[in-house]
Novice: 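One structure coming up, written as structure tokens, with questions to follow.
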Amino acid sequence: MDIFLLQVPGANTTADTLSQVNNAVTTAPATNESLFDILSKGGVLMIPLALLLAVAIYVFIERLLFISKATKSDDNFMSIIRDHIVSGNVSAARSLTKNTNSSVARIIDKGIQRIGKPIDVIERSMENIGRLELYKMEKNIAILSVIGYIAPLFGFLGTIVGMFQLFYGIASSGEYTISTIAGGIYVKMISSAAGLIIGLAAYIGYRILSSQIDKATNKMEVASADFIDVLQEPTR
């Protein structure tokens, strides 16, 4: 009795591939890499990403401290100013504003200097000081917005350069394995992940500072309205 064996085309190739994957998994060394070791594999574009991260951290902390200092004031500040103005003790009100280091105090100080002028003149003078205070608070926070946009682009560029180098090496040598390709792609994706994380952190920092400036703007507008209202009250 004759026995016929049916050979499926490509079966040997599939078996070889599975064997390679199995060998790669079983023979892969168990490495315990630190975060710095992993990031250092991201390529040369990890250097500008590290610089962008350092700049973002510095700008965020410096601006946060500046805005917090500029908006910090006593809750009773306007009540004391009101009492001094209504009682006619303008010099005491001026002394209080000069000894208080805050944006609201500087706006009120300008208003006190203009007492005796028409109300619209006083308002314009206070608005000018308010715009100057906002300019000081907003200084350099646009850097965070720019980093939020360009950091992911640097990361993608690093991945593209790395992938190009990987496939160019494979095409040149003609030697490749599944583990080599997978390992190469994993390493080249590090720069993309780092760029996205830095960009997201910079954007969150930008939104936090913008929110703080909005609160400061509202605080200055309320203080200016209160001061104008005080000037229109009769003195005691």
Novice: Once side-chain hydrogen bond (donor to acceptor under 3.5 Å, both in side chains) is applied, do any residues pair with T217, and if so which ones, sequence neighbours excluded?
Specialist: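 side-chain hydrogen bond (donor to acceptor under 3.5 Å, both in side chains) list for T217, sorted by chain: empty.
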
Novice: Applying the 4.5 Å side-chain criterion to the ILVMFWY set and letting contacts propagate, would L132 and V121 be lumped into a single cluster?
Specialist: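 No, because L132 and V121 fall into different hydrophobic clusters, even though each may have its own neighbours under 4.5 Å.
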
Novice: Does some side-chain heavy atom of I208 sit less than 4.5 Å from a side-chain heavy atom of F60?
Specialist: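 Yes; the side chains approach each other to less than 4.5 Å.
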
Novice: Is there a chain of hydrophobic side chains (I, L, V, M, F, W, Y, each step under 4.5 Å between heavy atoms) that links F167 to M189?
Specialist: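 In one cluster with F167: M189, yes.
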
Novice: Looking at K136, I'd like to know if its NZ atom is crowded, meaning that more than 12 non-hydrogen atoms belonging to other residues, nucleotides or ligands lie closer than 6.0 Å.
Specialist: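 Atom NZ in K136 is packed in, count exceeds 12.
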
Novice: Atom OH of residue position Y203 - does it have more than 12 heavy atoms of other residues, nucleotides or ligands inside 6.0 Å?
Specialist: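 Not buried by this count: 12 neighbours or fewer within 6.0 Å.
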
Novice: Measure the spacing between CG of N140 and CD of E62 and express it to the nearest 0.5 Å.
Specialist: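 Between N140 CG and E62 CD, I get 7.0 Å after rounding to 0.5 Å.
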
Novice: Could you grab the distance from atom CE of M46 to atom CG of L53, nearest 0.5 Å is fine?
Specialist: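 Spacing of CE (M46) from CG (L53) equals 9.5 Å.
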
Novice: Would D226 and S224 count as having a side-chain donor-acceptor pair, cut-off 3.5 Å?
Specialist: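 No, no side-chain donor-acceptor pair sits under 3.5 Å.
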
Novice: Within the 4.5 Å heavy-atom criterion, are M126 and I228 side-chain neighbours or not?
Specialist: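 Result yes, sub-4.5 Å side-chain heavy-atom pair found.
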
Novice: Shortest non-hydrogen contact from R63 to K139?
Specialist: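 What the structure gives for the nearest pair is CD-O, 2.9 Å.
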
Novice: Within the structure provided, determine whether Y206 and I147 are in side-chain contact (heavy-atom separation under 4.5 Å).
Specialist: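 Of all side-chain heavy-atom pairs linking I147 with Y206, none is under 4.5 Å.
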
Novice: Could you tell me whether a side-chain N or O of N99 sits under 3.5 Å from a main-chain N or O of S95, the two making a donor and an acceptor?
Specialist: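 Here the side-chain-to-backbone pair exists.
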
Novice: State whether the side chain of S125 and the backbone N or O of K110 hold a donor-acceptor pair below 3.5 Å, judged by distance alone.
Specialist: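 Answer holds: no.
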
Novice: Between the side chain of T100 and the main-chain N/O of L96, is any donor-acceptor distance below 3.5 Å?
Specialist: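 Looks like yes, one N/O pair under 3.5 Å.
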
Novice: Indicate, with yes or no, if V146 and L209 share a hydrophobic cluster defined by side-chain heavy-atom contacts under 4.5 Å among Ile, Leu, Val, Met, Phe, Trp and Tyr.
Specialist: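 Same hydrophobic cluster.
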
Novice: Just how far is it from atom OG of S103 to atom NZ of K219, taken to the nearest 0.5 Å?
Specialist: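 Here the rounded value is 9.0 Å.
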
Novice: What's the spacing between K98 NZ and I112 CD1 if we round to 0.5 Å?
Specialist: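 Spacing of NZ (K98) from CD1 (I112) equals 10.5 Å.
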
Novice: Can you see which heavy atom on M220 is nearest to which on G130, and at what distance?
Specialist: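 Nearest pair, atom of M220 first, then G130: CE-O, 4.3 Å.
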
Novice: Heavy atoms, side chains only, cut-off 4.5 Å: are S211 and K215 in contact?
Specialist: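 Heavy-atom side-chain distance check passes, below 4.5 Å.
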
Novice: State, to 0.1 Å, how close G148 and A202 come at their nearest heavy-atom pair, and which atoms those are.
Specialist: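 Minimum heavy-atom separation between G148 and A202: N-CB, 3.8 Å.
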
Novice: Are I61 and Y58 joined in one hydrophobic group, where the rule is that I, L, V, M, F, W and Y side chains link up if heavy atoms are under 4.5 Å apart?
Specialist: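 Both belong to a single hydrophobic cluster.
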
Novice: Is the backbone N or O of I141 less than 3.5 Å from a side-chain atom of S145, with the two atoms forming a donor-acceptor pair by type?
Specialist: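 No; judged by distance alone, with no hydrogens or angles, the pair does not exist.
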
Novice: Are V230 and I81 close enough, and set up right, to give a side chain to side chain contact (heavy atoms under 4.5 Å, CB included), and what steps lead you there?
Specialist: CA-CA 9 Å; V230 170; I81 292 293; 5.9 Å; no

Novice: Determine, step by step, whether Y135 and R131 satisfy the side chain to side chain contact (heavy atoms under 4.5 Å, CB included) criterion, reporting the C-alpha distance in whole Å, the side-chain angles of both residues, the deciding distance to 0.1 Å, and the verdict.
Specialist: CA-CA 6 Å; Y135 170 77; R131 280 193 287 269; over 6 Å; no

Novice: Supply the atom-to-atom distance L134 CG to I129 CD1, rounded to the nearest 0.5 angstrom.
Specialist: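 It is 11.5 Å, given to the nearest 0.5 Å.
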
Novice: Would the distance check show the side chain of T97 and the main-chain N or O of R94 forming a donor-acceptor pair, the cut-off being under 3.5 Å?
Specialist: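 Yes; judged by distance alone, with no hydrogens or angles, the pair exists.
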
Novice: So do the side chains of L144 and V55 get within less than 4.5 Å of each other, counting heavy atoms only?
Specialist: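 Side-chain contact under 4.5 Å: no.
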
Novice: Determine yes or no for a side-chain-to-main-chain donor-acceptor pair under 3.5 angstrom, with D229 supplying the side chain and A225 the backbone.
Specialist: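 Answer holds: no.
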
Novice: Can you sort out the partners of T71 under side-chain hydrogen bond (donor to acceptor under 3.5 Å, both in side chains), two or more places apart, ordered by chain and number?
Specialist: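 Scan of T71 (side-chain hydrogen bond (donor to acceptor under 3.5 Å, both in side chains), adjacent residues dropped) gives none.
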
Novice: Rounded to the nearest 0.5 Å, what's the gap from CZ on R124 to CZ on R114? Could you check?
Specialist: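 The CZ atom of R124 sits 11.0 Å away from the CZ atom of R114.
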
Novice: Atom CE of residue position M78 - does it have more than 12 heavy atoms of other residues, nucleotides or ligands inside 6.0 Å?
Specialist: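 Enclosed: over 12 neighbouring heavy atoms sit under 6.0 Å from CE of M78.
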
Novice: Nearest heavy-atom pair of S192 and F156: which atoms, and what distance?
Specialist: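 Closest heavy-atom pair between S192 and F156: OG-CD2, 3.4 Å.
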
Novice: Is it the case that one hydrophobic cluster holds both L52 and L153, taking links as side-chain heavy atoms less than 4.5 Å apart, direct or via other members?
Specialist: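 Shared cluster, no.
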
Novice: Could you go step by step and tell me if N101 and R106 meet the side chain to side chain contact (heavy atoms under 4.5 Å, CB included) rule?
Specialist: CA-CA 8 Å; N101 185 18; R106 285 186 281 272; 2.8 Å; yes

Novice: Hey, mind stepping through F154 and I198 against side chain to side chain contact (heavy atoms under 4.5 Å, CB included) and telling me if it holds?
Specialist: CA-CA 10 Å; F154 270 103; I198 294 171; over 6 Å; no

Novice: Identify the two heavy atoms, one from L49 and one from S191, that lie closest to each other, and give their separation to 0.1 Å.
Specialist: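 For L49 and S191, the tightest heavy-atom pair comes out as CD1-O, 3.7 Å.
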
